[in-house]
Amino acid sequence: MSRFSPRSDFSRTPNALAEALTRRRASQLPLLDLTDSNPTRVGLPSPDVGLLRTPGAMGYAPEPAGLSSAREALAAHLSRRGGALLPEHLVLSASTSEAYGWLFKLLCEPGDDVLVPAPCYPLFEHLARLEGVQTRPYRLPLAHGFGLDVAEVEATLGPRTRAVLVVNPGNPTGHFLHEGELAALADVCARREVALVVDEVFSDFPWDVEEGRVDTVAGRALPALTFTLSGLSKVVGLPGLKLGWTHVGGPAAARDEALARLEWVADAYLSVGTPVQLALPSLLAHAADFQAAAVARVRENRKRLSAARPAGACWDVVPAHGGWSTVLRIPREPGEEATCLALLDAGVLVQPGYFYDFTGGAFLVLSLLTPPGDFAAALAPLTRVLGAAGEGGPGPSV
Ligand SMILES: Cc1ncc(COP(=O)(O)O)c(C=O)c1O
C-alpha cells in the first residue's frame, strides 16, 4: 500500500441519516427535500449569456489576478454597495473555496491556525486541513441570535493564529455583522497582527432592513489587513461557472504585499476560465433579477413556516435576517438525529444541527430555496413530527 498524507484521510463512513436516506431513495417512496440549496435546481431565473459564443472566449491571454476587463466590471459592480473599489485590489479565483486555500497558503505555515465561527457551514475545517492549517472555533452565542461576540473572538486567538474568518451573514444562522462589531473586530485583528477574512457570499440576500448592519466590508478603511470574499455561485446563483473573488484592503503596505504574493499564488494555478471572465459584465447585469427572485422565495417560505408553527409549540424558528437557510430550535429529547430520522420516515429531509457544529441545544437546518410547492407540502408532516417529538417536554426558549 502506498503512503498517503493524513491531510487526505477524511472519514468515508456514512452516518445513520445518510444510510436512512439511501434506503428511502432506494425504496422510491416520495421525499420532500428541504436541504437542497443548489440554486440551479430550484426553479430560479438564470441568464443565457452564450458563454462560449462570447467574442474571444476561445483565446488565452492569462493575467494571474484575472482579466483586467473582468476586474473592472467587478469593481464597478461592487462599488455600488460600498466604498469605491479599485480593480487592482481584486483577485479572481475559480470559487470562494479556492480563494480560502490561497489565503491559507499566503498567511499560514503548516501548524498555524485560523479562527472560524461555530456554528457554521462545514467548509473551513476541510479547506484548512488540506493546507496543513488548524481551525480554532469561536462560538457564536445563541443569546445574540448567533451574532458575533468580539470578546469571545479575542479570547480564542492563540499564539499561532494568523486570521479570523467571519461569515456575513452567517450560514446557516443568517445573522449580519453590525458596525460596532466590525470596528471592534478590525481593531483586535490590527492589534494582534492577524488578518481579517470576511465571507460575504450571502450578503446580497437580506430579508429585512436593519439599522447598523454591515452589507460589505470591501472598500472600507480598516486598520487590519482585510480580505473580502464572494463569488458567482451565490451572487448570481451559478456555482457551475466557477468564478469567485477576493478584495484585499487594509493598511497600504500590508495590502500591496498581500496582493503581490496572492498574484504569485494565482499564477501557479491560473484556474479561472476565459469565457466566464469575458462574460462577467453580462452575468453581473443579471445579479439583481436573481437576487430579487431568491429573496422573494426565501421570504415566502419563511413566512409559511412561521405561520405553520402552532402557538405554544415546543420548537421555534431562530430569528435571522438573511441568507438561504433557516434554523429551527427543537427539544433536546429525542434530539437532532432521531428527529431527522422520524422526519425522513414521514417523507421530509432536513439537516441536523450537528452538521454545522451547533451546541447548547438541538437544532435543524432547512433550505429556504426549496420550491414553494414542496416547502408548503412539507409543513404538515414537519409540524406533526416536531409536535410529537416535544410531547411532555419543555419548549425551547430562543
Ligand atoms: C459561507 C460560504 N462560503 C463559501 C461557500 C463556497 O462558495 P464557492 O462556491 O464560491 O466555493 C459556501 C458554500 O455554500 C458557503 O456557505
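Order of appearance sets the numbers: ligands from 1, and atoms from 1 within every ligand.
- Taking 4.0 Å as the cut-off between side-chain N and carboxylate O, D215 and R213 count as a salt-bridged pair.
- In terms of protein heavy atoms, atom 15 (C) of ligand 1 is closest to Y121 CD2, 3.9 Å.
- Expressed to the nearest 0.5 Å, how far CG of L349 lies from CG of D33 amounts to 4.5 Å.
- In terms of protein heavy-atom proximity, atom 16 (O) of ligand 1 is nearest to N171 ND2, 2.7 Å.
- Heavy atoms of K234 found under 4.0 angstrom from ligand 1 belong exclusively to the side chain.
- Every atom of ligand 1 is numbered from 1 in the order shown, and the set under 4.0 Å from a heavy atom of S97 is 6 (C), 8 (P), 11 (O).
- Looking only at heavy atoms of the protein, atom 10 (O) of ligand 1 is closest to T96 OG1, 2.6 Å.
- Under a 4.0 Å N-O distance rule, the pair K234/D204 does not qualify as a salt bridge.
- Those atoms of ligand 1 that come under 4.0 Å of a heavy atom in F202, given as number and element, are 16 (O).
- Atoms of ligand 1 found under 4.0 Å from any heavy atom of D199 (numbered from 1 in listed order, with element): 1 (C), 2 (C), 3 (N), 4 (C).
- Under 4.0 Å is where a charged nitrogen must lie from a carboxylate oxygen, and between D113 and R162 no such pair does.
- Of the protein's heavy atoms, L123 CD2, 3.7 Å lies nearest to atom 5 (C) of ligand 1.
- Taking every non-hydrogen atom of V167 and a distance limit under 4.0 Å, the qualifying atoms of ligand 1 come out as 1 (C).
- L280 places none of its side-chain heavy atoms less than 4.5 Å from the side chain of L67.
- Of the charged side-chain nitrogens involved, at least one lies within less than 4.0 Å of a carboxylate oxygen, so that D112 and R160 count as a salt-bridged pair.
- Taking the centre of each ring, F227 and H247 stay at or above the 6.0 Å mark.
- Taking a cut-off of under 4.0 Å to the non-hydrogen atoms of S233, the atoms of ligand 1 that pass are 7 (O), 8 (P), 9 (O), 10 (O).
- Which parts of ligand 1 touch V201 is read off a 4.0 Å heavy-atom cut-off, strictly below it: atoms 1 (C), 2 (C), 3 (N).
- In this structure, F146 has its ring center closer than 6.0 angstrom to the ring center of F358.
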